[in-house]
Amino acid sequence: MTSTAHDALRGQAAGEEPPPWQQRLRRFGYVPRPVTGLRERLVPPYARPSDRVWTVLGAPPAVAARLWRLAAWGGPLLVALVAGLLRFWHLGSPHAVIFDETYYAKDAWALINQGYEGSWPKDVDASILRNPDAVAVPTDPGYVVHPPVGKWVIGLGEHLFGFTPFGWRFMVAVLGTLSVLMLCRIGRRLFRSTFLGCLAGLLLAVDGLHFVMSRTALLDQVLMFFVLAAFGCLLVDRDRSRRRLADALPVDADGLLRPDAVVAGTLRLGWRPWRIAAGVMLGLAAATKWNGLYIMAAFGVLTVLWDVGARRTAGAHRPYESVLRRDLLPAFVSTVPVAIGTYIVSWSGWIVTDKGYFRNWATTEGRDSSWSWLFPDWWRSLWHYESEVYGFHVNLTSGHTYESNPWSWIVLGRPVSYFYEDPAAGRDGCPAGTAEKCAREVLAIGTPLLWWAACFALLYVLWRWFFRRDWRAGAIACAVAAGWVPWFHYQERTIFLFYAVVFVPFLCLAVAMMLGALLGPPGTDAAAERRRTIGAVGAGVLVLLIIWNFIYFWPLYTGQSIPMEDWRDRMWLDTWV
């Protein structure tokens with residue numbers, strides 16, 4: 001890392017000398033508190049590798065500068081490539097309809113072919129696996145309890161590769177791979193470090209729950225993708241709006257940026273397309289599963305608070321009042337109406353085909369409604385459908401073998417078995433010399449060491465946010481809470497661990513932030529270098545252990561046959577069986 005960039009990251013503006021009295025006191029051991037320039041506080045610079053790295057690599061300065069620029073995309077792309085190879089390896093295995101694929105794969109196929117979900121026979125799965133071309137799409141409408149976007153995504157893969165396990169898992173694997181790439185870039189922008197961004201992406205690439213969900217045609221991985229994309233869009237919007245604010249502030253005779261109460265309190269930040277893009281992503285999230293609505297509310301508050309912080313930093317005397325007057329209405333219009341419009345458009349197949357479940361309710365059972373003069377029939381039918389679905393969700397209390405309380409999610413208390421077989425020796429990959437049967441399972445469980453490390457990382461993030469007022473920690477905590485906390489209000493409802501995949505990327509960001517703190521800043525003396533070396537060893541050992549843990553559980557993530565004794569060795573907790 002260059003000295004200029006390092007000073008900026010430590011808080012001292014480039015070229016800014018401390019007062020003379022502080023310089024005189026240095027001889028007595030006084031270390032002045034770093035002072036950050038205003039521009040660096042509004043738009044922090046990105047960290048650069050130290051010159052020692054390039055010296056070790058033998059790269060001349062010109063080549064080093066080019067490599068540093070290429071690393072901003074080269075590093076994330078490399079991590080995403082590894083994640084993609086893992087996720088697409090034998091994607092069609094097991095050749096079976098596993099867990100809730102029995103709903104979403106068939107609903108997606110009906111959507112792609114006729115624009116609405118059909119009512120499938122209960123025993124049709126075996127026929128689909130045997131000869132999907134011989135299975136007709138049912139024309140009778142089916143009652144479904146989730147919006148259609150996730151199924152449209154799954155159906156796109158089926159349209160490309162057929163009504164097969166590979167086909168209905170293809171697009172989910174694509175989104176799982178792209179989410180790793182996005183997290184690398186989001187982490188880089190959040191921490192201003194390519195290394196920490198790629199580290200967060202690597203952790204996501206080797207998380208077992210994210211991996212299994214990337215290879216299964218369920219809706220939650222699609223939801224996770226749109227939530228992460230919305231967070232990334234808001235992060236880009238934050239940087240651009242703060243840069244616009246910095247460019248509008250006055251510069252003094254020494255060329256330093258100065259706060260200005262008038263500019264900070266009255267400047268209109270203008271067109272903010274990334275916030276609109278976030279509104280679209282949040283609409284797509286809600287149109288995949290309804291818990292996207294909680295995340296939309298949390299992210300809306302988060303982006304408004306970011307505007308408050310930007311105007312306060314720029315010198316506004318009443319930043320909340322300034323945001324209320326200048327930013328609140330544009331923020332609302334850019335997200336909420338855009339998200340609602342996106343959600344309604346997602347039902348276009350159901351609206352246009354005129355054959356979906358409850359599609360004609362407004363002209364039959366609901367024809368005497370007092371609202372018929374104000375809203376079109378399709379709108380009232382959709383509203384009735386949604387109210388019925390809401391009643392289904394809140395009253396879903398039937399027990400399930402793999403249900404779990406959200407309190408237990410973070411420690412992986414009760415994972416979900418998507419698929420299980422016990423092939424005999426010599427069959428379906430079971431070694432011929434095995435004394436007893438083998439186990440072949442797809443277990444939706446996070447990489448244990450990563451999740452257990454995330455427990456400590458969340459505590460560090462909360463401490464960092466509460467006591468240091470670190471906005472990055474606050475953003476991570478907000479995203480985790482938005483995906484996790486709402487489920488505590490549904491203690492009686494049947495819920496599962498895999499719902500937690502929506503906040504797994506933010507757990508990885510929390511762990512990356514903790515590892516960055518463990519690594520520490522570059523040192524200027526032998527003691528600091530020794531401390532950094534110890535931190536680097538500790539962080540490196542933890543990352544290697546997490547990767548080993550992922551490899552160890554690989555057979556349970558991919559449905560490979562292993563001897564029963566090896567399977568028992570991986571059941572670390574009794575609740576995993």
Side-chain angles (χ1 to χ4, degrees), residues 8 11 13 33 35-44 189-190 192 230-252 256-283 293-341 461-482 485:
R33 185 176 180 179
V35 178
T36 307
L38 181 56
R39 183 173 294 277
E40 286 74 23
R41 290 169 61 196
L42 286 170
V43 189
R189 185 175 291 273
L190 188 69
R192 286 313 200 249
F231 184 84
C233 290
L234 291 177
L235 200 60
V236 175
D237 173 75
R238 180 186 187 274
D239 277 358
R240 293 198 171 193
S241 60
R242 290 172 75 92
R243 184 175 293 110
R244 190 174 301 166
L245 194 57
D247 292 341
L249 291 174
V251 178
D252 64 13
L256 298 177
L257 202 67
R258 295 301 178 191
D260 187 284
V262 175
V263 173
T266 62
L267 180 69
R268 293 189 181 275
L269 297 176
W271 171 249
R272 299 173 70 167
W274 284 99
R275 183 175 270 175
I276 296 175
V280 173
M281 294 297 108
L282 291 169
L293 295 172
Y294 293 106
I295 296 166
M296 179 170 65
F299 283 6
V301 173
L302 182 66
T303 187
V304 170
L305 291 178
W306 283 351
D307 285 345
V308 170
R311 291 189 181 274
R312 179 190 290 118
T313 301
H317 295 319
R318 297 183 178 85
Y320 284 95
E321 180 180 332
S322 299
V323 168
L324 182 63
R325 290 183 175 182
R326 304 292 181 184
D327 303 322
L328 189 60
L329 181 59
F332 177 84
V333 172
S334 299
T335 52
V336 177
V338 171
I340 293 174
V461 162
L462 291 174
W463 173 84
R464 184 84 189 179
W465 169 64
F466 189 78
F467 289 103
R468 296 293 184 88
R469 290 295 185 264
D470 191 326
W471 71 271
R472 303 167 302 174
I476 295 171
C478 174
V480 173
V485 171

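Bear in mind that the values here come from a model prediction, so they are computed numbers and not experimental data. Values reported hereafter were calculated over all heavy atoms of this structure, with side chains retained and with hydrogens, waters and symmetry mates removed. Numbering starts at 1 and runs along the sequence shown.
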- Any residue meeting side chain to side chain contact (heavy atoms under 4.5 Å, CB included) with Val236, in chain and number order, not counting sequence neighbours: Arg189, Arg240, Trp274
- Can you tell me how far the CZ atom of Arg272 sits from the CG atom of Leu234, to the nearest 0.5 Å? 9.0 Å
- Message: Using the side-chain hydrogen bond (donor to acceptor under 3.5 Å, both in side chains) criterion, which residues pair with Arg464? Sequence neighbours excluded.
- Response: Asp470
- Nearest heavy atoms of Leu245 and Ala314, plus distance in Å: CD2-CB, 3.6 Å
- Note on the structure: In short, Leu38 meets Leu257 closest at the heavy-atom pair CB-O, 3.8 Å
- Query: Is there any ring pair (Phe, Tyr, Trp, His ring centres under 6.0 Å) pair reaching into residues 310-336, and which pairs are they, with sequence neighbours excluded?
  - Reply: none
- Give the minimum heavy-atom separation between Cys233 and Met281, together with the two atoms involved. SG-CG, 4.5 Å
- Item | Taking every non-hydrogen atom, the tightest pair across Val333 and Pro337 | O-CD, 3.4 Å
- Might you confirm whether atom CH2 of Trp465 has over 12 heavy atoms from other residues, nucleotides or ligands at distances under 6.0 Å? no
- Message: Just verifying a value: how many Å separate Ile340 CD1 and Leu293 CG, rounded to the nearest 0.5 Å?
- Response: 9.0 Å
- Message: Within this structure, what is the CG-CH2 distance for the pair Asp237 and Trp306, rounded to the nearest 0.5 Å?
- Response: 8.5 Å
- Check whether any side-chain N or O of Arg311 sits under 3.5 Å from a backbone N or O of Glu321 as a donor-acceptor pair, and report yes or no. no
- Task: Flag the pair Leu42 / Leu249 as yes when at least one side-chain heavy-atom distance between them is below 4.5 Å, and no otherwise.
- Result: yes
- Name all residues meeting the salt bridge (Lys or Arg N to Asp or Glu O under 4.0 Å) criterion together with Arg268; count only those two or more places apart in sequence or in a different chain, and write none if there are none. none
- If every non-hydrogen atom of Pro319 is compared with every non-hydrogen atom of Val308, which pair is closest and at what distance? CB-O, 3.7 Å
Please list every donor-acceptor pair under 3.5 Å in which a side-chain atom of residues 294-302 meets a protein atom from a residue at least two apart or in another chain.
| unit_1 | atom_1 | unit_2 | atom_2 | d |
| --- | --- | --- | --- | --- |
| Tyr294 | OH | Tyr490 | OH | 2.7 |

- Nearest non-hydrogen partners of Ala477 and Leu462, listed with the distance: CB-CD2, 4.1 Å
- Task: Apply side chain to side chain contact (heavy atoms under 4.5 Å, CB included) to Thr335 and list each qualifying residue two or more places apart in sequence or on a separate chain.
- Result: Arg275
- Task: Check side chain to side chain contact (heavy atoms under 4.5 Å, CB included) between Asp247 and all other residues, then give those that pass, not counting sequence neighbours.
- Result: Arg39, Arg243
- Message: If I take atom CG from residue Leu190 and atom CD1 from residue Ile476, how far apart are they, to the nearest 0.5 angstrom?
- Response: 5.0 Å
- Item | Check: Thr266 and Arg326 side chains under 4.5 Å, non-hydrogen atoms | yes
- Task: Could you pull out all residues at least two apart from Val304 that satisfy side chain to side chain contact (heavy atoms under 4.5 Å, CB included)?
- Result: Val323, Leu328, Ala331
- How would you list, by chain and number, every residue that makes a side-chain hydrogen bond (donor to acceptor under 3.5 Å, both in side chains) with Arg318, sequence neighbours excluded? none
- Rounded to the nearest 0.5 Å, how far apart are CG of Asp327 and CG of Leu267? 9.0 Å
- Nearest-0.5 Å distance that lies between atom CG in Asp252 and atom CZ in Arg258: 4.0 Å
- Cation-pi check, Arg469 onto Phe466 ring (under 6.0 Å, within 45° of axis): yes
